[in-house]
Amino acid sequence: MENKYIPTPVDTRAVELPAELMPLIELMAKNVHEVWAQNRMAEGWSYGRERDDVQKHHPCLVPYEELPENEKEYDRATSCETIKLILQSGFNISRK
């Protein structure tokens with residue numbers, strides 16, 4: 001059976017993020033990583049220098065601050081797109 005799935009995320013290219021939300025993006029990126037790591041560890045994964053799906057080892061099971069920059073960028077992109085979707089959907093983000 002052929003996989004015909006074509007991802008269609010909401011187009012958020014027109015959304016410009018205010019500079020004051022940049023710290024939120026970094027906070028969200030760190031939290032995205034923490035949630036991912038917590039879920040992996042709950043499934044029996046642990047740190048390993050190289051990914052090994054059989055032994056359940058992963059090199060990214062480290063604190064966010066120790067991740068390679070390309071991994072942090074992946075989490076930032078997820079966070080950024082989430083915030084853009086929230087704004088494009090008509091919601092406001094404000095600090096109490």
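Please read these numbers as outputs of a predicted model, since none were measured by experiment.
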Heavy-atom closest pair, residues [X] and [Y]:
X	Y	value
Pro18	Leu87	CD-CD1, 4.4 Å
Leu21	Leu17	CD1-CD2, 4.5 Å
Ser79	Ala29	OG-N, 3.1 Å

Neighbour count >12 (heavy atoms, 6.0 Å) for atom [atom1], [X]:
X	atom1	answer
Gln38	CD	no
Glu50	CD	no
Lys30	NZ	no

Mind checking whether [X] and [Y] have side chains closer than 4.5 Å, heavy atoms only?
X	Y	result
Ile83	Thr12	no
Arg40	Lys56	no
His33	Leu67	yes
Glu71	Cys60	yes

> Would Glu16 and Lys84 count as a salt bridge (Lys or Arg N to Asp or Glu O under 4.0 Å) if you check the C-alpha gap in whole Å, the side-chain angles of each, and the deciding distance to 0.1 Å?
Replying inline: CA-CA 8 Å; Glu16 277 194 49; Lys84 284 182 172 185; over 6 Å; no
> Do Leu27 and Asn31 pass the side-chain contact (heavy atoms from CB on, under 4.5 Å) test, and can you show the C-alpha distance, the side-chain angles, and the key distance before you say yes or no?
Replying inline: CA-CA 6 Å; Leu27 180 63; Asn31 196 62; 5.9 Å; no
Nearest 0.5 Å, please: how far is [atom2] in [Y] from [atom1] in [X]?
X	Y	atom1	atom2	answer
Cys80	Ile25	SG	CD1	4.0 Å
Trp36	Thr78	CH2	OG1	12.5 Å
Glu66	Tyr47	CD	OH	9.0 Å

For residues [X] and [Y]: do they belong to one hydrophobic cluster (side chain heavy atoms under 4.5 Å, members Ile, Leu, Val, Met, Phe, Trp, Tyr)?
X	Y	value
Met28	Leu85	no
Leu24	Phe91	yes
Ile86	Met22	yes

> Going through the checks in order, is the side-chain contact (heavy atoms from CB on, under 4.5 Å) test met by Tyr64 and Glu26?
Replying inline: CA-CA 10 Å; Tyr64 179 77; Glu26 192 66 17; 2.9 Å; yes
> Would Arg95 and Glu20 count as a side-chain contact (heavy atoms from CB on, under 4.5 Å) if you check the C-alpha gap in whole Å, the side-chain angles of each, and the deciding distance to 0.1 Å?
Replying inline: CA-CA 10 Å; Arg95 177 175 255 173; Glu20 60 266 14; over 6 Å; no
> Do Tyr74 and Glu69 have side-chain atoms, one donor and one acceptor, less than 3.5 Å apart?
Replying inline: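 Checked: Tyr74/Glu69 side chains show no N/O donor-acceptor pair below 3.5 Å.
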> Hey, does the side chain of Gln88 reach the backbone of Asp11 with a donor-acceptor pair shorter than 3.5 angstrom?
Replying inline: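 Yes; at least one donor-acceptor contact below 3.5 Å.
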>> Working note: Ser46 + His57, criterion side-chain contact (heavy atoms from CB on, under 4.5 Å); need CA distance, chi angles, decisive distance, verdict.
In response: CA-CA 5 Å; Ser46 61; His57 292 158; 3.3 Å; yes
